[in-house]
Engineer: 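Before I ask anything, here is the structure I am working with.
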Number of protein chains: 2
Amino acid sequence: MNIIISNSSDIPIFKQIKNALKEAICTGVLQENEALPSVRTLANDLKISFLTVKRAYDELETEGFIKTIPGKGSFIAPRNMELIREEKLKEIQDLIEQIYKISKIANIEEQEIKEIFQIIFEEE
Amino acid sequence: MNIIISNSSDIPIFKQIKNALKEAICTGVLQENEALPSVRTLANDLKISFLTVKRAYDELETEGFIKTIPGKGSFIAPRNMELIREEKLKEIQDLIEQIYKISKIANIEEQEIKEIFQIIFEEE
DNA sequence: TAACTGTTATATAATCAATGTAACAGTGAG
DNA sequence: CTCACTGTTACATTGATTATATAACAGTTA
């Protein structure tokens, strides 16, 4: 598994870790029941505090993506793809609602938005 | 002009003010060259610090939406609709790019996104 | 037992948003 | 000119969030 973080990003490190792990699950880099690196190992690799990694793991566990067993480690929870897919669909829905609100405020036509949509999605 | 702010929102107050004023400009509530409430007046109305209002005004000025003259007050700059329309189009483009990235990560089909898009935009 | 795991508590630092207060300067009506 | 309004600036402070360092504690397993 390969995680790249940036401390110059405006996205908090613990959130970057969460996103990277979710992406690894989706792309199959991490399989069900597979062990994650220990909080200290990952912290050393990324040259950050283990508390920051722990926070990421804690939140991922709360959200149901991983399971942590004290003394043993953290593991990818089963049925993860569906979970993340649901979550990402919800994110997309929120983003489209934002677009809708902006278009109402700025008097932008639906057609114009569809064109932008096409341009971005058609680039391979 | 009517501005409603929420301090329980995760959007900073100064940004809520900026958004509210941009919306007021777009909907024609605020016309070109019209005076904005003074920083202290608006601060009193909203029961917040005048420094928070000043910050909103300062950024709006930097972005070219208003003009502030020391001793006189702040005024809506001309050619605002076009400015905001450009800005909002850019925001929408960024949001669609976010959607694109999420769809790639979570293996969500373009068709599925279009359906969500239709549902949200068709509600009158 | 030793070397891993995760957990917890405490303290600290940096940044950002927001505030309070005070003093200063420009504008314009009376 | 004076007064009451405008904006400006400089401090100090609070609270929340992010991230860190350190230390001690507890479960797992070879």
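Throughout, protein chains are lettered first and strands after them, A, B, ... in sequence-line order, and every chain is numbered starting at 1.
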Engineer: Within this structure, what is the CG-to-C1' distance between A:Asp10 and D:dT18, rounded to whole angstrom?
Structural biologist: 13 Å

Engineer: Whole angstroms only, please: what is the CD1-C1' distance between A:Ile5 and D:dT18?
Structural biologist: 13 Å

Engineer: What is the distance, rounded to the nearest whole Å, between atom CG of A:Leu51 and atom P of C:dA11?
Structural biologist: 15 Å

Engineer: Would you kindly check whether a donor in the side chain of A:Arg40 faces an acceptor in the base of C:dT7, or vice versa, at under 3.5 angstrom?
Structural biologist: yes

Engineer: Report the residue (B:Ile69 or A:Gln16) whose heavy-atom-nearest nucleotide on DNA chain D is the more 5′ of the two.
Structural biologist: B:Ile69

Engineer: Side chain of B:Phe50: nearest nucleotide among C:dA22, D:dT22, D:dG7?
Structural biologist: C:dA22

Engineer: Side chain of B:Ile13: nearest nucleotide among D:dA19, D:dT29, C:dT19?
Structural biologist: C:dT19

Engineer: Which class fits the ring pair A:Phe117 and B:Phe117: parallel under 30°, tilted 30 to 60°, perpendicular over 60°?
Structural biologist: tilted

Engineer: Would a 4.5 Å heavy-atom cut-off, applied to side chains only, mark B:Ser103 and B:Ile113 as touching?
Structural biologist: yes

Engineer: Under 4.0 Å from OP1 or OP2 of C:dA17: is there any side-chain N or O of B:Arg55 that close?
Structural biologist: yes

Engineer: Taking only the side-chain nitrogens and oxygens of B:Thr52, find out if one of them lies under 4.0 Å from OP1 or OP2 of C:dT19.
Structural biologist: yes

Engineer: Check whether any side-chain nitrogen or oxygen of A:Thr68 sits under 4.0 Å from OP1 or OP2 of C:dT7, and answer yes or no.
Structural biologist: no

Engineer: Would you say the side chain of B:Glu32 lies within less than 4.5 Å of the side chain of B:Asn80, judging by non-hydrogen atoms?
Structural biologist: no

Engineer: Nearest whole angstrom, please: distance from the C1' of C:dA17 to the CG of B:Asn7.
Structural biologist: 12 Å

Engineer: Would you check, one step at a time, whether the test side chain to side chain contact (heavy atoms under 4.5 Å, CB included) holds for B:Glu91 with B:Lys88?
Structural biologist: CA-CA 5 Å; B:Glu91 280 177 26; B:Lys88 294 302 178 188; 3.5 Å; yes

Engineer: If I take atom CG in residue B:Leu42 and atom C1' in nucleotide D:dC5, what distance separates them, rounded to the nearest angstrom?
Structural biologist: 16 Å

Engineer: Given C:dT27, D:dT20, C:dG6, identify the nucleotide with an atom nearest to the side chain of A:Val39.
Structural biologist: C:dG6

Engineer: A:Phe75 has an atom CZ; how far is it from atom C1' of D:dT28, in whole Å?
Structural biologist: 10 Å

Engineer: Given D:dG7, is OP1 or OP2 found less than 4.0 Å from the side-chain N or O atoms of B:Lys54?
Structural biologist: no

Engineer: Return the value, rounded to whole Å, for the distance between atom CG of A:Asp58 and atom P of D:dA19.
Structural biologist: 14 Å

Engineer: Could you go step by step and tell me if B:Glu59 and B:Arg55 meet the salt bridge (Lys or Arg N to Asp or Glu O under 4.0 Å) rule?
Structural biologist: CA-CA 6 Å; B:Glu59 293 197 7; B:Arg55 175 161 181 194; 3.4 Å; yes

Engineer: Indicate, with a heavy-atom threshold strictly under 4.0 Å, whether B:Phe14 touches base, sugar-phosphate, or nothing.
Structural biologist: sugar-phosphate

Engineer: Round to a whole Å and report the spacing from CD of B:Glu59 to P of D:dG7.
Structural biologist: 17 Å

Engineer: When you get a sec, tell me which of D:dT20, D:dA19, C:dG6 is the closest nucleotide to the side chain of A:Ile48?
Structural biologist: D:dT20

Engineer: Are B:Ser38 and D:dT6 close enough that a side-chain N or O sits under 4.0 Å from OP1 or OP2?
Structural biologist: yes

Engineer: Does OP1 or OP2 of D:dT6 have a side-chain N or O of B:Thr41 closer than 4.0 Å?
Structural biologist: yes

Engineer: Report yes if a side-chain nitrogen or oxygen of B:Lys72 is closer than 4.0 Å to either non-bridging phosphate oxygen (OP1 or OP2) of C:dG28; otherwise report no.
Structural biologist: yes

Engineer: Side chains of A:Glu112 and B:Leu89, heavy atoms from C-beta outward: is any pair under 4.5 Å?
Structural biologist: yes

